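Take a look at the structure set out below.
The basis for the numbers below is simple: all heavy atoms, side chains too, and nothing from hydrogens, waters or symmetry mates. Note that the coordinates shown come from a computational prediction; the quantities given were computed from them, not determined experimentally.
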Amino acid sequence: MDAVRVALLRDVLAGTEWLRATRRFAGSLRASVEPHGGGLLLVGSEEYEPWHLAAHLDDEAAWSGLPELSPTLVRHRVPDGAVPAHLAVDLGRLERARRGETLLVVAPDDPGAGLLERVDDARRSGATVLALDGGHGELHALAHDALAAPADAGLDLDTLQHLVSAAAGENGLPAPPGRHRFRDRLARLADRLTAPPPAPW
């Protein structure tokens with residue numbers, strides 16, 4: 001989902017609590033990773049790997065000039081010979097989570113007792129725990145902050161992830177010089193489309 005579609009979605013949701021809630025949660029994410037320069041671990045349930053959120057956060061990290069938003073995707077099952085290295089991080093990484101790191105759990109379904117135990121251990125070791133889910137009580141009890149999209153909420157978890165990732169990248173520092181960002185190109189295109197035609201020679 002690109003910036004234009006996110007803007008349209010926000011228009012549709014104007015006046016609802018979702019925009020306030022997603023911006024608040026994105027603020028918690030930013031406040032957790034910025035002081036430590038990153039350390040964001042992203043994990044899903046055994047049945048759900050949050051690939052899209054990982055990609056969107058990585059994009060937001062580049063576009064906003066906030067590299068600390070770029071996550072490490074932690075996987076329940078890592079295929080033999082998985083490359084590159086950042087796609088070969090297994091659940092053992094959660095056992096090494098420490099103070100200054102942030103663990104973002106995304107679970108539309110039951111996260112499972114094994115993952116909950118690892119999340120609890122990470123929290124006890126000092127990691128900040130955040131959760132995006134369908135409203136799982138045990139996960140919320142472990143999380144320092146949580147945002148849920150219950151089945152009857154009218155907004156699915158995928159949409160919620162788009163809103164959170166976009167909000168997390170807002171008001172960031174400029175990207176490094178020479179980086180051609182999608183939003184810059186979009187703004188330049190909009191300027192060209194709305195500019196008056198050149199005067200005839």
**Prompt:** Which residues satisfy the side-chain hydrogen bond (donor to acceptor under 3.5 Å, both in side chains) test with T102, sequence neighbours excluded?
**Reply:** S32

**Complete:** With sequence neighbours left out, the residues meeting side-chain contact (heavy atoms from CB on, under 4.5 Å) with V129 are V119, R123, A143, H144

**Prompt:** For the atom pair OG (S165) and CD (E60), what is the distance rounded to the nearest 0.5 Å?
**Reply:** 5.5 Å

**Message:** Hydrophobic cluster membership, with links at side-chain heavy-atom distances under 4.5 Å among I/L/V/M/F/W/Y: are L73 and L132 in one?
**Reply:** yes

**Asked** Going hydrophobic residue to hydrophobic residue with side-chain gaps under 4.5 angstrom, can you get from L53 over to V74?
**Response** no

**Prompt:** Under a 4.5 Å cut-off applied to non-hydrogen side-chain atoms, are L142 and E138 in contact?
**Reply:** no

**Asked** Closest heavy-atom contact between A167 and A26?
**Response** CB-CB, 3.6 Å

**Item:** Under the side-chain contact (heavy atoms from CB on, under 4.5 Å) test, residues paired with T22 that sit two or more places apart
**Value:** L147, L160, L163, V164

**Asked** In chain order, what residues pass the salt bridge (Lys or Arg N to Asp or Glu O under 4.0 Å) check against E101, with sequence neighbours excluded?
**Response** R93

**Message:** Just so I know, are the side chains of E49 and R75 near enough to count as touching, which here means a heavy-atom distance under 4.5 Å?
**Reply:** yes

**Prompt:** Can you list the residues that meet the salt bridge (Lys or Arg N to Asp or Glu O under 4.0 Å) rule with R124, with sequence neighbours excluded?
**Reply:** D120

**Complete:** Interatomic distance, CG@L103 vs CG@L42, rounded to 0.5 Å, equals 8.5 Å

**Request:** Please list, chain by chain and in numerical order, all residues satisfying salt bridge (Lys or Arg N to Asp or Glu O under 4.0 Å) with E46, sequence neighbours excluded.
**Result:** R77

**Message:** I want to check something: taking the side chain as every heavy atom from C-beta on, are E95 and D121 in contact at a cut-off of under 4.5 Å?
**Reply:** no

**Request:** Check whether any side-chain heavy atom of P71 sits under 4.5 Å from a side-chain heavy atom of L104, and report yes or no.
**Result:** no

**Message:** Please say yes or no: joined through hydrophobic side-chain contacts below 4.5 Å, possibly via intermediate residues, are V43 and L157 part of one cluster?
**Reply:** no

**Message:** D145: which residues meet the side-chain hydrogen bond (donor to acceptor under 3.5 Å, both in side chains) condition with it, sequence neighbours left out?
**Reply:** R24, S28

**Message:** Looking at every non-hydrogen atom in both residues, tell me the closest pair between R118 and G92 and how far apart they are.
**Reply:** NH1-N, 4.1 Å

**Contact check, side chains of P111 and D133, non-hydrogen atoms, under 4.5 Å** = no

**Message:** Counting only heavy atoms from other residues, nucleotides and ligands, does the tally under 6.0 Å from NE2 of H140 exceed 12?
**Reply:** yes

**Prompt:** Can you list the steps and then say if R23 with E170 is a side-chain contact (heavy atoms from CB on, under 4.5 Å)?
**Reply:** CA-CA 9 Å; R23 285 192 167 119; E170 288 178 340; 3.5 Å; yes

**Complete:** Taken to the nearest 0.5 Å, the spacing of L69 CG from W63 CH2 works out to 12.5 Å

**Item:** side-chain contact (heavy atoms from CB on, under 4.5 Å) against T72, all qualifying residues, sequence neighbours excluded
**Value:** L41, V89

**Item:** Verify same cluster id: W51, Y48 (apolar side-chain graph, 4.5 Å)
**Value:** yes

**Request:** Over all heavy atoms of both residues, which pair between A122 and L94 is shortest? Give the atoms and the distance, please.
**Result:** CB-O, 4.0 Å

**Request:** With sequence neighbours excluded, tell me which residues meet side-chain hydrogen bond (donor to acceptor under 3.5 Å, both in side chains) with H36.
**Result:** none

**Asked** Taking only residues two or more places apart in sequence or in another chain, which ones pass side-chain contact (heavy atoms from CB on, under 4.5 Å) with E34?
**Response** R30, L66, E68

**Message:** According to side-chain hydrogen bond (donor to acceptor under 3.5 Å, both in side chains), who are the partners of D109, at least two apart in sequence or on a separate chain?
**Reply:** S45

**Prompt:** Would you call V105 and L130 a side-chain contact if the rule is heavy atoms closer than 4.5 Å?
**Reply:** no

**Item:** Nearest atoms (heavy-atom pairs only) where A97 meets A127
**Value:** CB-CB, 4.2 Å

**Complete:** Connected to V78, directly or through other members, by ILVMFWY side-chain contacts below 4.5 Å are none

